[in-house]
Each structure stands twice: as structure tokens, then as C-alpha cells.
Amino acid sequence: MCGIFGCILKRGRAAPLIHAALKRLEYRGYDSVGEATLRDQQLFIKKDAGKIDAVHAIRNLDDLPGRIGVGHTRWATHGAPLQINAHPQSGCSDPPRIAVVHNGIIENFAELKKELEDRGHRFKSKTDTETIAHLIEENLKKRQTEPSEDVYSGFRSAVAGAVDRLVGSYAVAAVCTQEPDKIVCARNESPLVLGIADDAYYFASDIPAFLPLTNKVVYVENGELVTLSKKGFEITKLVDGSTVVRTPKLVDWTPRMAEKQGYPHFMLKEIHEQPRCLRDTLRLQEKYLELLTTFLDRAREVIMVACGTSYHACLAASYMFSKLSFLATHPVIASEFTEQHGKSVNIDSTILAVSQSGETADTLAAVETARQRAATILGLTNGVGSTLTRVSRVYIGQQSGPEIGVAATKTFTSQLSVLSQLAIRLGKKRGKISQEEIDLLDEKIEEIPDIVEKIVETQSKKVQSLAKKHRSKECFFFLGRGISYATALEGRLKLMEIAYMPSIAFPAGESKHGPISLVEPGFPVIFVCPPDETRRTLIGNIMEMKARGASVIAVCEEGDDEIMQLADDYIEITKGIPEVLSPIPYVVPLQLFAYHMALERGCDPDMPRNLAKSVTVK
Ligand code: M6R
């Protein structure tokens, strides 16, 4: 996730305005920043790695000349946070003639890059975005020499032709010295809005970018091309060039509300962002997935280290790897790693470190212990450019964008999605699962984003009323069997950390070995019950709890009448989800439950007491 912004002004200079707008978009990404402005058919570009204030202090982002410009605040996906990878990106020409800013992921950039390099283009960065600049450059060149039957002409046609080649998600904007009075933008899946003022036109990823300047907004839809000029804006459909007439809408948000896109809290916004983030995990670079799979395949022993929510993702992954690829992995809480494995880890060990931030001190300390004993380090993180990426032999960036709420939500489901993709690949490589099973898993993993979207849409009200009903309880149990034990642990962590509700999670089979002694009439027990092989035994565990008067809430498959009749309350999850993928949708109602319980109990879900988003001390 990144933030893009641009403007065409009738008076004044664009640069300071772009700088201020990027500051308001900084919550979308903050590892690099850049601006490009146009004056007298000349392009002026400043960009660097670092937070906006730090870059501004060194480079002064305000002194670029001209009334037209584009800007970008980056959350690295392809290529580390370095100046060369910061946006705007340009083509081959020197001085640059094209500047492109982009939010999204271009899935087919490697093929396009190869094709363009074969045509003589030279790439400078590791970004997918640079491909767009070269495509536009190539199209401009072609259109000068070859007659075109395009509906568009000139620069517009070059941008339309470029985005036509892209597979993936993008909100992209380009400027060009050849037609210095225009900004051309296009959208597919990544957000893009226009701001309309009397003396200016803006485009941005989100409304807060221009909210202090105008509250007149035009929403750009997927598959649309926008041309901004001093005369106004023109929207056309990319598919046939037909004009779209859309009148601006007035929004009455405060800047803070706008940052949260109208959601009262970042946590709720991030829960709602999960479908999009999950889609992005399906666009990860093939070569890194393949490389990681190869390392896992060759490993003598695999130890997964992580803390908190990331540890729960590892625990779920240990079931995935075992079931799909017959690989035994050991999930270990990072702060225990040195004590537990410090002496045994060795050159034959492979460590898969999972950390949203990539900066968690306990995880990095575990990695350091393993590194000193010559183990191979693999990483999965949301923080491209983080310490974890630097100490890993190979890493995958999960591409969830910044998560601001202290409670991990979208980053957890994205970790699960990446880990399940690795387990499926490994199963395939090792010949441990049938083609039929692989096809089904591939099909289902594609459906998961829509399923999560449906759960959020249809179950939120019910979850909210459950939170009302149980707000004054003193303790909760979260129970599951098999892979759902990890889901139960995650549901319990969410409730504890943001609603300050003492909660216990354990494998349902453990009840009789101790914890059931806590149960008395009305004691709330949440069961995670996907219809997997553990379902029958789990029903026995539900009955044990019911017999002691527990108030049972079941998260179960829709139409599972037997469980629905046993439970006092239930949340329904779409049918037909394979067991190994079940933690992704089944955790969503538990995230929502924790969120609503926090509100019911007067707690701030975004900033729970005593906690920090990134724990950088041991
Ligand atoms: O950045 P990391 O994934 O390494 O962070 C690990 C934990 O600190 C983190 O998951 C924490 O438990 C969250 N607050 C959970 O919501």
C-alpha cells in the first residue's frame, strides 16, 4: 500500500501542496517519498528513502517549480526502500520525460520488463512501477512512427496502451514533458479519487490528501482512465474509450475521519481491508515463493520463530506443512528460542522467522542466535527494508500495507495466506498431494478474499449483539481442535489485548485435564468448529461444556444444524472451505468480537494500554 497524489493548479506552486498532501497520506506508507513537477516542458524530480520529514529536511520538497505535479509516499513491495526505488519512476530518457507514481502490484512486471529490455530499455530500479514508465515511453515512440487507430491520441493513448498491458492492481498517474498540461491516471483495484476545487484539480489514493483544500470528490472506478487538465477532468472507460459522466459528491468528514476512511477506528478499517490484502497476497512474486519452497524442501529441520499473532500464524502453518507437504516444522515463541534450541540449532537448521514489523526484538534475537550457529534464515514480513529482511537469506514481503491498530488483523490473515501458499507448493513439489487436491486448494484460495468480504458484511451485526450480551462476563474460553487451536489462540489474544478480558485458549481435548473446573452456569465458551476431521470429537467437547451450563458460542459452517442446535449462539461461515485454509475466514468473527467487546467495555481498540505496535525491546 502506498499513497499517491497530484494536482493541476491555476495559480501557485504545486510542490508545497504535494508535500503537505503526502504528509496526510503518510499512514499509507512511509519508507520513501518523491515528487515530480512540470514547468516549461521540463520535469523536476526529487525523491529519497526515509520518512517525509527526514527527506524534506535534507532535500527540501517544497522548492520544485511549476503548477502541475505528482507525488508518492511508499510502502515497499518490489525493491528495498532505497532512493532508486522511490517513486516517481521514469523511463530511459535522460533528462527524464515521463514520471509515474503507482500504488498496487503489477503481477506480470517480470515478463513486461524482459520484453522491454529486449527492445533496448534500461531499467534502473527493482520496482514493478518502472515497467509502466517504460511502457508509456515505448508507446509514445511507437505512436510517432506508426499510425494508430486508438480512440485516444498522444500521451493519453500511450498511458491507455500501457495500462492495457498490466495484470494486477494499480492506481497509477503519469506526467510527460511532451504534453505538460496534463496528468493521466488509471485505476484497477487500488483506490483513486479526484478532488475538485474552483482553482485546482487533484487526484489521490484517499480523500484526506486533499480534504483541507476541497470536499468535492469524484470516485474513480476500476477500468477507468482519467485526464486532468486546467480545464477540468475527463473520465473514460479503458475498454472502449467511452466517456463517463460523473458529478462530484460532497463529503463532510473531518481530516482524522478521512484518514480512517470514515471508520471510527483503524482496527475496524483494517478488518475491512482484509479482502484486498488477501488478494494482494495472491500476487506475490513467483520466484520468491519458489525459492522459499526450495529452501524448505531441502531443510533437515524447520523451526518457525515469531511472537504474538505472528506466532499463531506459525502454529497454523505447522499444521499446513504437516498435512499438505508432510514436513515437520516446530513453531517456537521467539523469546524462548535461545533457551529451547540455542544449543541444538546448527548449519542444518532452517529458521523461518515471521514478523509483521520485521523489527520485533525477540524474533531478531532468535534469528541472531541461529545465525551465529550458521543456520539458514528465511523471513516473512510486512516490513520490506526492515531488519528481518536484511538478515534473511530469502524473504517474502506480505504486502499488507501499514497496519496502524496495535492489534494485528489484516497482517495475520495475510501471513496465513502466504504460509498456506508455501505449504501447497511444497506439497506439490514433494508429490504429497494429488493434482485434484492442488486444483481445489488453488481454486479455494482465490475465493477466500470474497468469502472474508461476505463474513464481514453479513456477520458483523450478529457479532456486535453477542458482544453486548457478554460484555460483563469475567473470563472467556476459546477452544478448537487441530489447526483451529491456532485460530482459538488468536481470537483469545485479540479479546485480551484490546478489551482487557481475561481469556484462556487451549485445544478442546485438554478441557478434561484441568480447565473445565472453571466452568459454571453461564461461563462463555467460544468454539471454532470448521467441518474438518475433528468435528465429531469437538461436538463431544461442546456437549461436555453444555452439561456444565456453559454458554456456548460456535463459529461454524453455514447449515451445520447439529452444531447450531447445540450452541447458544453461532456465527456462520461460508461452506466448502478446506481445513488448511479455515483459520483465515474463521478468525474474522473473532477479530470483530474483540473489537465490539472493546467498545462495549469502553476501551480504545486502536491503542490498548501498555502495548506498542512494534516491540523493539526484549
Ligand atoms: O511485528 P511482529 O509480528 O513481530 O509482532 C509480534 C507481536 O508483537 C504482535 O503480533 C502482537 O502480539 C500484536 N499486538 C497482536 O495483535
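For the single chain, residues carry numbers from 1 onward in sequence order. Not measured: the values here are computed from a predicted model. Values below: every heavy atom of this structure, side chains too, minus hydrogens, waters and symmetry copies.
Partners of Asn108 under the side-chain hydrogen bond (donor to acceptor under 3.5 Å, both in side chains) rule, at least two apart in sequence or in another chain, do not exist in this structure. With sequence neighbours left out, the side-chain hydrogen bond (donor to acceptor under 3.5 Å, both in side chains) criterion links Glu107 to Arg283. Listed by chain and number, the residues in a side-chain hydrogen bond (donor to acceptor under 3.5 Å, both in side chains) with Lys269 are Glu273 (sequence neighbours excluded). Looking at residues two or more places apart in sequence or on another chain, you find a side chain to side chain contact (heavy atoms under 4.5 Å, CB included) between Ser205 and Ile4, Arg28, Asn103. Evaluation of the side chain to side chain contact (heavy atoms under 4.5 Å, CB included) rule for Gln464 yields Lys461, His596 as partners, not counting sequence neighbours. Under the side chain to side chain contact (heavy atoms under 4.5 Å, CB included) criterion, Arg165 pairs with Leu112, Glu115, Leu135, not counting sequence neighbours. For Thr411, the side chain to side chain contact (heavy atoms under 4.5 Å, CB included) criterion is met by Gln356, Asn382, Gln398, Ser400, Glu403, Ala408, not counting sequence neighbours.
Between Glu544 and Lys512 a salt bridge is recorded (basic side-chain N to carboxylate O distance below 4.0 Å). Salt bridge Lys237/Glu224: absent, no basic N to carboxylate O contact under 4.0 Å.
Remark: Gln435 CD is packed, more than 12 non-hydrogen atoms of other residues, nucleotides or ligands lying under 6.0 Å away. Glu436 CD: 12 or fewer foreign heavy atoms inside a 6.0 Å radius. Counting heavy-atom neighbours within 6.0 Å of Tyr288 OH, excluding the residue itself, gives a total of 12 or less.
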Please set out all donor-acceptor pairs under 3.5 angstrom arising from side-chain atoms of residues 560-573, sequence neighbours excluded.
unit_1 : atom_1 : unit_2 : atom_2 : d
Asp560 : OD1    : Arg535 : NH2    : 2.8
Asp560 : OD1    : Ile563 : N      : 3.4
Asp560 : OD2    : Arg535 : NE     : 2.8
Glu562 : OE1    : Arg535 : NH2    : 3.2
Glu562 : OE1    : Arg536 : NH2    : 2.7
Glu562 : OE2    : Arg536 : NH1    : 3.4
Glu562 : OE2    : Arg536 : NH2    : 3.1
Asp568 : OD1    : Lys546 : NZ     : 3.2
Asp568 : OD2    : Lys546 : NZ     : 2.8
Asp568 : OD2    : Val552 : N      : 2.7
Asp569 : OD2    : Lys469 : NZ     : 2.6

Name every donor-acceptor pair, under 3.5 Å, that has one atom in a side chain of residues 471-483 and the other anywhere in the protein, sequence neighbours excluded.
unit_1 : atom_1 : unit_2 : atom_2 : d
Arg471 : NE     : Glu600 : O      : 3.4
Arg471 : NE     : Glu600 : OE1    : 3.2
Arg471 : NH2    : Glu600 : O      : 2.9
Lys473 : NZ     : His470 : ND1    : 3.0
Lys473 : NZ     : Gly522 : O      : 3.3
Arg481 : NE     : Asn541 : OD1    : 2.8
Arg481 : NH2    : Asn541 : OD1    : 3.3

Donor-acceptor pairs are to be reported for all side-chain atoms of residues 497-507 against protein atoms at under 3.5 Å, with residues two or more places apart or in another chain.
unit_1 : atom_1 : unit_2 : atom_2 : d
Glu497 : OE2    : Lys494 : NZ     : 3.4
Tyr500 : OH     : Arg609 : N      : 2.8
Ser503 : OG     : Met501 : O      : 2.8

Pairs of donor and acceptor atoms involving the side chains of residues 447-457, under 3.5 Å and at least two apart or interchain, shall be tabulated with distances.
unit_1 : atom_1 : unit_2 : atom_2 : d
Glu447 : OE1    : Lys444 : NZ     : 3.4
Asp450 : OD1    : Arg279 : NH2    : 2.8
Glu453 : OE1    : Arg279 : NH2    : 2.9

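Of the possible donor and acceptor atoms, none in the side chain of Ser310 sits under 3.5 Å from a partner among the backbone N and O of Ala306. Gln459 contributes no side-chain N or O that, together with a main-chain N or O of Pro589, makes up a donor-acceptor pair within less than 3.5 Å. Using a distance-only test at 3.5 Å, with no hydrogens or angles considered, no donor-acceptor pair links the side chain of Asp206 to the main chain of Gln261. With Ser420 contributing its side chain and Leu416 its backbone, the two residues share a donor-acceptor pair below 3.5 Å.
Every pair tested for ring pair (Phe, Tyr, Trp, His ring centres under 6.0 Å) that includes a residue from residues 292-314 fails, sequence neighbours excluded, so the list is empty.
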